[in-house]
There are 2 protein chains.
Amino acid sequence: MRVTRSYSRATKQTLALLGKLIKAGRLERGLTAEDLSERAGITRKTLRKIENGEAGSEIGIVFEVAALVGVRLFDLDDRSLQMHNTRLDEKLTLLPKSVRHRKQEVDDDF
Amino acid sequence: MRVTRSYSRATKQTLALLGKLIKAGRLERGLTAEDLSERAGITRKTLRKIENGEAGSEIGIVFEVAALVGVRLFDLDDRSLQMHNTRLDEKLTLLPKSVRHRKQEVDDDF
DNA sequence: TCAATATGAGTGATTTAATATCCATAAGAC
DNA sequence: GTCTTATGGATATTAAATCACTCATATTGA
């Protein structure tokens with residue numbers, strides 16, 4: 001936080017989209033900001049920041065609010081989430097536990 | 001934050017999945033935790049919390065890290081993000097700007 | 001096996017998100 | 001048009017995330 005953080009276009013757009021999806025979900029369900037914030041255990045102000053796509057909110061709170069109005073990040077239901085988590089666990093055990101290189105720059109893209 | 005917050009299963013699993021996707025993406029690209037945290041402008045500790053799927057991190061930072069290792073949140077590229085944002089804007093103008101009800105409980109599910 | 005370094009983890013300081021409360025304005029219901 | 005209330009915004013306070021730094025352990029490559 002110290003310094004003003006800057007965010008990529010993708011991040012900003014994703015945040016904006018998520019906030020709008022939440023707001024639309026709330027309105028479609030006929031929930032006031034107070035209704036939803038109450039259910040999520042947060043204040044109206046925090047909800048407004050989330051709906052406005054601000055970058056500083058806690059990710060756990062945002063995901064919780066999203067879930068409350070039916071917005072899914074990966075478009076996966078509970079079962080599928082579980083499955084993907086398990087698959088990722090397996091994949092991670094196969095990958096090296098620590099990355100070993102240095103000296104020469106990473107052979108990144110360019 | 002004040003009080004210990006509790007999160008739904010969906011939130012926990014989504015956070016866990018996102019963290020694992022980020023870690024896998026980092027390892028596959030041969031980036032050390034220091035490499036990635038440096039590029040993201042955060043400390044290794046913060047990155048570890050993100051990869052561990054902890055709920056308290058700032059959503060903007062998490063999304064930024066995800067973007068750096070090629071993890072896309074809604075599985076949308078830049079152009080699609082833009083399009084969806086525009087569509088959502090239109091949708092929001094059609095929805096009521098404020099929800100009007102009270103007195104009787106919301107006709108929610110039950 | 002051994003040396004180099006990546007990772008995991010702890011501490012204290014700093015910054016800021018979230019809260020609680022209040023007020024002005026906007027917007028819906030009659 | 002009027003009334004009611006939902007929303008947007010401001011404030012001071014508090015709790016926690018992040019940082020910077022350090023050390024122990026795990027892991028990799030030679």
Side-chain angles (χ1 to χ4, degrees), chain A residues 1-7 15 19-20 22-65 69 92-106, chain B residues 1-7 15 19-20 22-65 69 92-106:
Chain A
M1 337 240 86
R2 151 113 75 273
V3 133
T4 305
R5 219 179 275 288
S6 67
Y7 301 94
L15 284 170
K20 287 171 191 169
I22 288 172
K23 183 163 194 171
R26 172 173 71 79
L27 295 177
E28 284 175 339
R29 288 164 186 243
L31 295 171
T32 66
E34 183 161 16
D35 289 334
L36 181 54
S37 56
E38 213 167 86
R39 294 187 189 194
I42 61 177
T43 61
R44 284 197 298 128
K45 183 150 206 166
T46 301
L47 175 60
R48 192 173 321 127
K49 284 163 75 174
I50 292 170
E51 292 187 345
N52 283 342
E54 296 185 22
S57 303
E58 288 185 29
I59 192 167
I61 295 180
V62 180
F63 282 12
E64 198 70 18
V65 172
V69 294
L92 284 172
T93 62
L94 299 180
L95 287 169
K97 279 133 198 72
S98 77
V99 174
R100 201 72 178 189
H101 72 127
R102 261 294 116 113
K103 237 70 200 174
Q104 69 266 3
E105 282 306 289
V106 181
Chain B
M1 343 236 77
R2 147 114 75 279
V3 133
T4 306
R5 220 178 273 284
S6 68
Y7 301 94
L15 284 170
K20 287 170 191 170
I22 288 172
K23 182 163 195 172
R26 173 173 69 80
L27 295 177
E28 284 175 338
R29 288 169 184 240
L31 295 170
T32 66
E34 183 161 16
D35 288 334
L36 181 54
S37 56
E38 213 168 86
R39 295 187 188 194
I42 61 178
T43 60
R44 284 195 299 127
K45 188 153 203 165
T46 301
L47 175 59
R48 191 172 323 124
K49 285 164 76 174
I50 292 171
E51 291 187 345
N52 283 342
E54 296 185 24
S57 301
E58 288 184 29
I59 194 167
I61 296 179
V62 180
F63 282 13
E64 197 69 18
V65 172
V69 295
L92 283 172
T93 62
L94 299 181
L95 287 168
K97 278 132 199 70
S98 76
V99 173
R100 200 73 179 187
H101 71 132
R102 259 294 116 114
K103 236 66 196 176
Q104 68 266 2
E105 283 306 290
V106 182

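This is a predicted model, so every value here is computed, not measured. Below, chain A is the first sequence line, B the second, and so on; all start at residue 1.
What separates CD1 of B:I42 from C1' of D:dA17 is a distance of 12 Å, to the nearest Å. In this structure, CZ of A:R48 is placed 15 Å from C1' of C:dA17, rounded to the nearest angstrom. Taking atom CD1 of A:I61 as the reference point, atom P of D:dA15 lies 16 Å away to the nearest angstrom. Atom-to-atom, CD of A:E38 to P of C:dT19 comes out at 13 Å; the value is rounded to the nearest Å. The CD1-C1' distance, from A:I50 to C:dA18, rounds to 10 Å in whole Å. Between B:I59 atom CD1 and C:dT16 atom C1' there is a gap of 17 Å when expressed in whole angstrom units. Rounding to whole angstrom units, CG of residue A:L47 and P of C:dA20 are separated by 14 Å. Atoms CD (A:E34) and C1' (C:dT21) sit 13 Å apart, rounded to a whole Å.
Here A:R5 reaches the OP1 or OP2 of D:dC19: one of its side-chain N or O atoms lies under 4.0 Å away. Phosphate proximity of D:dG8 to A:K23: present, with a side-chain N or O under 4.0 Å from OP1 or OP2.
The shortest non-hydrogen separation linking B:A33 to B:L47 is O-CD2, 3.4 Å. For the residue pair A:I59 and B:V62, the shortest heavy atom distance occurs at CD1-CG1, 3.6 Å. Contact detail for B:I61 and A:Y7: the closest heavy-atom pair is N-CE2, 3.9 Å. Looking at every heavy atom in both residues, A:G25 comes nearest to A:V69 through C-CB, 4.0 Å.
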### Summary
Once base and sugar-phosphate atoms are separated, protein heavy atoms under 4.0 Å mark nucleotides 24-30 of chain C, 5' to 3', with B, S and - as ---BBS-
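Comparing atom distances between the B:R26 side chain and each of C:dT19, D:dC19, C:dT7 picks out C:dT7 as nearest. Distances from the side chain of A:T32 to the nucleotides D:dT18, C:dA18, D:dA6 place D:dA6 closest.
Proximity of A:T32 to A:D35: side-chain heavy atoms (C-beta onward) are separated by under 4.5 Å at one or more points. Between B:I42 and B:S37, the closest side-chain pair of non-hydrogen atoms falls below 4.5 Å.
When each of B:N52 and A:T46 is assigned the nucleotide of DNA chain C with its nearest heavy atom, B:N52 is the one assigned upstream, toward the 5' end.
The only option from B:R26, B:K23, B:K20 that meets the side chain to side chain donor-acceptor pair (under 3.5 Å) definition with B:E51 turns out to be B:R26. Each of B:L27, B:L31, B:L36 was evaluated against A:V99; a single residue qualifies, B:L27, per the side chain to side chain contact (heavy atoms under 4.5 Å, CB included) test.
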If you restrict it to nitrogen or oxygen atoms, what contacts under 3.5 Å exist between nucleotides 10-13 of chain C and the protein, and what is each distance?
residue, atom, partner, partner atom, Å
C:dG10, N7, B:K45, NZ, 2.5

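Not one N or O on the side chain of B:N52 forms a donor-acceptor pair closer than 3.5 Å with the backbone of B:K49. Proximity of a side-chain donor or acceptor of A:R5 to a complementary backbone N or O of B:G41 within less than 3.5 Å is detected.
Among the heavy atoms of the strands lying under 4.0 Å from B:G41 are primed sugar atoms or P, OP1, OP2 only; no base atom is included.
With hydrogens and angles ignored, no donor-acceptor pair closer than 3.5 Å exists between the side chain of B:R44 and the base of C:dA6.
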